[in-house]
Number of protein chains: 4
Amino acid sequence: MSSAPPTSRQRRKEARPSELLDAALALFVEKGFAATRAEEVAARAGVSKGTLYLYFPSKEELLKAVIGHTLMADIARGAEKLAQAEGPTADLLVELMTEWWSAVLDSPSSAVFKLVMTEVRNFPEIGQYYVREVVEPGHRLIGTMVQRGIDRGEFRAVDVDCVVHAIVLPMVMLCLHKHSMGACGFTDPHLPPPPQFIRQHMDLVLHGLRNPTPAA
Amino acid sequence: MSSAPPTSRQRRKEARPSELLDAALALFVEKGFAATRAEEVAARAGVSKGTLYLYFPSKEELLKAVIGHTLMADIARGAEKLAQAEGPTADLLVELMTEWWSAVLDSPSSAVFKLVMTEVRNFPEIGQYYVREVVEPGHRLIGTMVQRGIDRGEFRAVDVDCVVHAIVLPMVMLCLHKHSMGACGFTDPHLPPPPQFIRQHMDLVLHGLRNPTPAA
Amino acid sequence: MSSAPPTSRQRRKEARPSELLDAALALFVEKGFAATRAEEVAARAGVSKGTLYLYFPSKEELLKAVIGHTLMADIARGAEKLAQAEGPTADLLVELMTEWWSAVLDSPSSAVFKLVMTEVRNFPEIGQYYVREVVEPGHRLIGTMVQRGIDRGEFRAVDVDCVVHAIVLPMVMLCLHKHSMGACGFTDPHLPPPPQFIRQHMDLVLHGLRNPTPAA
Amino acid sequence: MSSAPPTSRQRRKEARPSELLDAALALFVEKGFAATRAEEVAARAGVSKGTLYLYFPSKEELLKAVIGHTLMADIARGAEKLAQAEGPTADLLVELMTEWWSAVLDSPSSAVFKLVMTEVRNFPEIGQYYVREVVEPGHRLIGTMVQRGIDRGEFRAVDVDCVVHAIVLPMVMLCLHKHSMGACGFTDPHLPPPPQFIRQHMDLVLHGLRNPTPAA
DNA sequence: AATGAATGAGGGTTCATTCAT
DNA sequence: AATGAATGAACCCTCATTCAT
């Protein structure tokens, strides 16, 4: 009955918020929230200034929506894969981290890290959201894997949280770098391309973890 | 002739730029460059709006001066210490890194990392300066130490650049965190206090480096 | 042919302009013309923004139509009654003024006085219309009655125009008050309810008119 | 010591708020609050847009200040004169009302009545202020005079409040008219010039008050 | 050298009006 | 006839910068 084919007008209306959020993310990360004009966001999404305000009540609400809208999908997808994994923990971790972070680095999600960093102090709600939805689930996931390695006798009995940080922080830095120095062409000549860097980094950390006398 | 003892007025005058730079660094890092009003900087430095423009021709020039003014000292000091060090490389690295980064984290220098990150894309000159004065000297210094460990047979023959990154990136993240999420009270409950975190992190990395058959 | 009973759609269509005018009058008087949004008028009339523009080419034309549409009927009705009246002039005036103004105060017509007052200076055509259709007929009507009282020896030979003003101005103020201070709950505690006020006021004025030696 | 002659800069700064308030009153009454642009107010006061905001934090605060700033003086002056008056009550009332309202009509104060009327519904605080500072003191003052006339046997024992309204409402209407229809050139041809109208009006009302058997 | 009043360009937001559906 | 998405001119307000004192 009500399944009439959506008119082009309707199709636009449904796509609009997403288009605006994408445009906003790109610009907020590039120039900063304060230095981005609402009109620029609209223009990049291909609409006029007024239209932006049809979908978001203010620039600030747009910012919050940007944070909420992105990452979600990627986080969920990562969680699933990690949870179902089988086999030697070290291999698993290397494989999954390499894959997941490579994907994030290639997607707009990578920009969110910088956006949160630059804007939390002006909009603390952003921080709450980020900790709850990103930091904690992520930390828990990886921590579980590391603990599994220890429990199985594959890893030394190290401090789990510290290892998680050692794994994650450089990855986050990579994301931050991509959207700051990296985007300006200041690519550190010592830095290999991301997937390779990630693998090397994981190897290094896991080498430090490996139990010299496995299940002996 | 000009060696008369400086009057309090003169002393003030010489201190002004530095006071303004400190104020500017704090505010730029807290609110972002674009969201910081020139008058706020002046007020925090205890002078009037007009006075700011007596010392810096524009807000943008003030930003560049802020970047240039800070870090310098800390970098130089660190370089000296590392260069003169003696003894087993691992111990040296742990000791010096712990000490230097702890100092940086406690000083306003730590803020510069965030400032560069947030503003490079709007002012690329900042990036050039940062790479030349901070990234490269720092990388070279630590790289030299790692190489020394390998040369002496203390470390495995790993990729030096990768190790340097593994050492440095989490430290930089710590600085970024301090001035973003951390400043909002979102302290990761898994994160130990900085000096301890640094030491743990260095231990982990160096454990991964250590040669199982030293000088065998 | 066209005498088929009007469908509900047609009935709607004919009622539309009137519903819009009522909504517009209420809102223009409440918030002022400039502060009223076209969409609010439409919403209060139960139609969409676009529909408003089907009936009125612009917000300004809507305003003019509002002025023209109201009052007309009330004015005409009052004129008729006054013209046919018989008996002692004082009684007639008291009776008719009390009745007519009470009716006006209870109807939306009372709002027009305020609307004219607030908007003439921005739309002078409103003033011309108001003077021609309301002020002059009204003044002439009451003036005729007063003159009749003087001619019959019932009233002193006062200045007719001045008396008309003395009668009318407080009534108009009552209307203005109702839609400004009164609508905000600032009812003057000294003010009796309208019909009683009108009667008292008429008594006072007519006491000042009455000839002490009638037809002596 | 601190009585240095005020520089021209200082003199301007002190005069500014007043100049802005005068400009604002004139424009708000002419075009209505909503239809007046902040820049117009500034321009009429001979300053730039930004300067307006140096003295008033928003357009709305400017409106409130306008109401509060005007009338004050005139009200106070009127109160004094009325209080000190001597002689037959009727003469006193005629004299003082004529003089005071003529003065008000010639001053910018007369505009405040219209401003309050047009804007109360959007800014109810205005109403509270107006009732407290203008309506009630004024009513009390005139009421006292009328009561005095009754007490001395000069006036009939009429309803005092009703008389006060009969006296005042036409005067207020005169003020409203001056700044609405009157300002558009729609001068009622039956209306004599204000001072004469006021005197005639007072005569009419007092004739209705006068006791036919004074002190008999 | 220091101040802070003044400026005016710039950016967020609203809303009358249009027009494809 | 009716809708409501889209537009863009207009308006409030901010703030970097200037300059008379």
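Each chain gets a letter, A, B and so on, in the order its sequence line appears, and its residues count up from 1.
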From [options], nucleotide with atom closest to [X] side chain:
{"X": "B/Leu54", "options": "E/dT13, E/dA2, F/dC12", "value": "E/dA2"}
{"X": "D/Lys59", "options": "F/dC15, E/dG11, F/dC13", "value": "F/dC13"}
{"X": "B/Ser48", "options": "E/dC15, E/dG12, E/dG4", "value": "E/dG4"}

Nearest whole angstrom, please: distance from the [atom2] of [N] to the [atom1] of [X].
{"X": "B/Phe56", "N": "E/dA2", "atom1": "CZ", "atom2": "P", "result": "13 Å"}
{"X": "B/Glu40", "N": "F/dT14", "atom1": "CD", "atom2": "P", "result": "13 Å"}
{"X": "C/Leu20", "N": "F/dT3", "atom1": "CG", "atom2": "P", "result": "11 Å"}
{"X": "C/Glu60", "N": "E/dC15", "atom1": "CD", "atom2": "C1'", "result": "16 Å"}
{"X": "A/Lys13", "N": "E/dC19", "atom1": "NZ", "atom2": "P", "result": "21 Å"}
{"X": "B/Leu52", "N": "E/dA1", "atom1": "CG", "atom2": "C1'", "result": "14 Å"}
{"X": "A/Glu61", "N": "E/dT14", "atom1": "CD", "atom2": "C1'", "result": "17 Å"}
{"X": "B/Leu63", "N": "F/dT17", "atom1": "CG", "atom2": "C1'", "result": "17 Å"}

Check whether the side chain of D/Lys49 and the base of E/dG10 form a donor-acceptor pair under 3.5 Å.
yes
Closest-nucleotide ordering on DNA chain F, the 5'-leading residue of D/Ala38 and B/Ala38:
D/Ala38
How do D/Glu39 and C/Thr51 order along DNA chain F: which one's closest nucleotide is nearer the 5' end?
C/Thr51
Classify A/Tyr55 by what it touches in the nucleic acid, base, sugar-phosphate, or nothing, heavy-atom distance under 4.0 Å.
sugar-phosphate
G-U wobble or Watson-Crick pairing nucleotide for F/dA10 (cut-off 3.5 Å, both distances)
E/dT13
Using purine N1 to pyrimidine N3 plus N6-O4 or O6-N4 for Watson-Crick, or N1-O2 and O6-N3 for G-U wobble, each under 3.5 Å, what pairs with F/dA5?
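Partner of F/dA5: E/dT18.
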Output, in order, the C-alpha distance, side-chain angles, deciding distance and verdict of side-chain contact (heavy atoms from CB on, under 4.5 Å) for B/Leu54 and B/Val47.
CA-CA 11 Å; B/Leu54 246 39; B/Val47 298; over 6 Å; no
Pairwise 5' ranking along DNA chain E for C/Tyr53 and A/Pro57, keeping only the more 5' one:
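Nearest nucleotide further toward 5': that of A/Pro57.
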Quick one: on DNA chain E, does B/Val47 or C/Arg37 contact a more 5' nucleotide (nearest heavy atom)?
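Going by which nucleotide is closer to the 5' end, it is B/Val47.
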Show the nearest heavy-atom pair for residues D/Leu62 and D/Val41, with the distance to one decimal.
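Looks like CD2-CG1, 4.1 Å.
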Can you confirm if the NZ or CZ of B/Lys64 lies within 45° of the ring axis of B/Phe123 and under 6.0 Å from the centre of its six-membered ring?
no
Can a side chain N or O of A/Arg16 be found less than 4.0 Å away from OP1 or OP2 on F/dA6?
yes
Quick one: CZ on D/Arg12 to OG1 on D/Thr51, what's the gap to the nearest 0.5 Å?
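Here the interatomic distance stands at 10.5 Å.
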Would you mind checking if D/Glu30 and D/Arg44 are paired as a salt bridge, meaning a charged N to carboxylate O distance below 4.0 Å?
yes
